[in-house]
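For reference, the structure is listed below as structure tokens.
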Amino acid sequence: MEKPVGPAEFDLYKPSASRVYDYLLGGSHNFEVDRDVARQMLRLAPEAAQAAAANRHFMARAVRYLVDQGITQFLDIGSGIPTVGNVHEIAQRYAPDSRVVYVDIDPVAVMHSRHILDGDRRCAVIQGDLRDPRAILDDSLARDLLDFDRPVAVLLVAVLHFIHDHEDPAGIVRELRDSLSPGSHLVLSHASWPADATVAVRQAQHTYDRMAAQLVLRTRDEVATLFDGFDLLEPGLVTVANWRPDTEAEMYRNRTDRLPALAAVGSWRGADTIAGAEGTARMTSPR
């Protein structure tokens, strides 16, 4: 095994969710300990790499759609390592002035991200814990780059399933939501239970127990509550493959029925719109 290089205060011999995800996506910013976990997952659930790719494709389509709607500010929490096809590449391709703040808890992911993005003044990387959203929102780098008086897209892509129920994932989203100006959006995907939760799938879930971030699968209703106060854009809460696929062939290619992830994009009309309506995610048509 190679000797990992990174922040001295971090246990680099413990697998990281962001680096395992990087490996599943075909990235190179991972260590043997991460690859070992990923290979175990692939043996138990061969769709794991396909599921990671399908999730990344959903994110790309969502960012592209939001840029088309005039959104040019992005706060990507749980971003992992910005490899090919990440938020800043997609957004800046269509709107060069787009600004992106990446947030991750893994100091190795943050270190790699800062190296990759060095020199891009439209991007910033901060080390932050989603369980403390106020610290993320108040971070000076985030405040310097993003104008929260204007619409911001908050991305929580494949990250809330690492937050346990006692850590109040709905409350975390609510605090983020209440800091946003009208016209902002939430992009969210979340691992869910398959129709047939086989022994292999359950073992693949438990493989994450080796990491600090353990995987929490949630039902459709539980994921829907995370969008409280948001207006869901069509087609609503669906599997990642079914959220506005570019082609029908793409939709079928990205299906991962054994390892489903649910996804949606919600728009925020402001705090004055949710009085008495908390707990309801309304459906709206695209603008």
Side-chain angles (χ1 to χ4, degrees), residues 6-12 14-22 55 59 73-82 86-88 99-114 117 123-181 184-191 208-218 222-223 225-230 266 268 270-271 274 278:
E9 75 276 8
F10 191 71
D11 182 2
L12 295 172
K14 189 175 185 64
S16 152
S18 62
R19 299 193 306 267
V20 169
Y21 187 59
D22 175 70
N55 189 73
M59 183 199 73
Q73 300 191 110
F74 297 86
L75 177 61
D76 186 0
I77 305 176
S79 55
I81 299 168
N86 220 293
V87 176
H88 70 283
R99 298 185 175 193
V100 181
V101 172
Y102 290 108
V103 184
D104 204 274
I105 194 173
D106 180 359
V108 177
V110 171
M111 179 187 68
H112 281 304
S113 301
R114 286 175 176 162
L117 297 170
C123 295
V125 184
I126 63 178
Q127 184 176 344
D129 189 338
L130 176 57
R131 291 165 293 191
D132 188 2
R134 178 46 52 190
I136 294 172
L137 294 167
D138 289 342
D139 187 277
S140 59
L141 285 176
R143 288 286 168 182
D144 287 345
L145 197 63
L146 303 179
D147 179 0
F148 285 91
D149 291 328
R150 296 174 48 240
V152 174
V154 174
L155 279 69
L156 299 175
V157 176
V159 63
L160 281 170
H161 47 231
F162 296 117
I163 302 296
H164 289 256
D165 290 342
H166 72 270
E167 294 169 320
D168 192 14
I172 290 170
V173 178
R174 188 164 54 247
E175 184 161 1
L176 291 167
R177 181 200 70 190
D178 291 348
S179 72
L180 301 175
S181 65
S184 294
H185 287 73
L186 171 67
V187 178
L188 187 154
S189 66
H190 195 298
Y208 272 98
D209 290 347
R210 289 180 54 190
M211 297 185 291
Q214 298 176 6
L215 188 65
V216 181
L217 302 182
R218 293 189 168 94
E222 289 172 328
V223 176
T225 63
L226 301 173
F227 286 94
D228 283 353
F230 287 92
W268 172 232
I274 64 170
E278 194 71 36

- Heavy-atom pair with the smallest gap, counting every atom of Gly78 and Val159: CA-CG2, 3.9 Å
- Task: For Arg114, enumerate each residue passing the side chain to side chain donor-acceptor pair (under 3.5 Å) test, keeping only those at least two apart in sequence or located in another chain.
- Result: none
- Message: Looking at every heavy atom in both Ala109 and Gly80, which two are closest together, and how far apart are they?
- Response: CB-O, 3.9 Å
- Query: Considering only heavy atoms from C-beta outward, does the side chain of Leu188 approach that of Val223 to under 4.5 Å?
  - Reply: yes
Just distance, no hydrogens or angles: give the donor-acceptor pairs under 3.5 Å from side chains in residues 142-156, sequence neighbours left out.
{"unit_1": "Arg143", "atom_1": "NE", "unit_2": "Leu137", "atom_2": "O", "d": "2.7"}
{"unit_1": "Arg143", "atom_1": "NH2", "unit_2": "Leu137", "atom_2": "O", "d": "3.4"}
{"unit_1": "Asp147", "atom_1": "OD1", "unit_2": "Asp149", "atom_2": "N", "d": "3.0"}

- Worked verdict on Val101 versus Leu141 for side-chain contact (heavy atoms from CB on, under 4.5 Å): CA-CA 8 Å; Val101 172; Leu141 285 176; over 6 Å; no
- Item | Heavy-atom pair with the smallest gap, counting every atom of Arg131 and Ile163 | CG-CD1, 3.6 Å
- At what distance, to the nearest 0.5 angstrom, does NE2 of His112 lie from CG of Asp104? 11.5 Å
- Query: Is there side-chain contact between Arg174 and Asp168, with heavy atoms separated by less than 4.5 Å?
  - Reply: yes
- Query: Between His166 and His164, how do the two ring planes meet: parallel, tilted or perpendicular, split at 30° and 60°?
  - Reply: tilted
- OG/Ser79 to CG/Asp106 distance, rounded to the nearest 0.5 angstrom? 10.0 Å
- Task: Report yes if some heavy atom in the side chain of Leu75 is under 4.5 Å from a heavy atom in the side chain of Val103; otherwise report no.
- Result: yes
- Do Phe74 and Val187 have side-chain heavy atoms sitting under 4.5 Å apart? no
- Are any of the side-chain heavy atoms of Pro169 and His190 separated by less than 4.5 Å? no
- Task: Answer yes or no: is there a side-chain heavy-atom contact under 4.5 Å between Ser179 and Arg134?
- Result: yes
- Do the side chains of Asn86 and Asp76 get nearer than 4.5 Å, heavy atoms only? yes
- Query: Are side-chain heavy atoms of Ile136 and Ile126 found at a separation under 4.5 Å?
  - Reply: yes
- Taking all atoms of both residues into account, what is the closest heavy-atom pair of Trp268 and Leu180, and its distance? NE1-O, 3.1 Å
- Point-to-point distance, once rounded to the nearest 0.5 Å, from CG of Leu130 to CG of Leu176: 6.5 Å
- Query: Rounded to the nearest 0.5 Å, how far apart are CD of Gln127 and CD1 of Ile105?
  - Reply: 7.5 Å
- Sub-3.5 Å donor-acceptor pair from the side chain of Arg177 to the main-chain atoms of Asp228, do we have one? yes
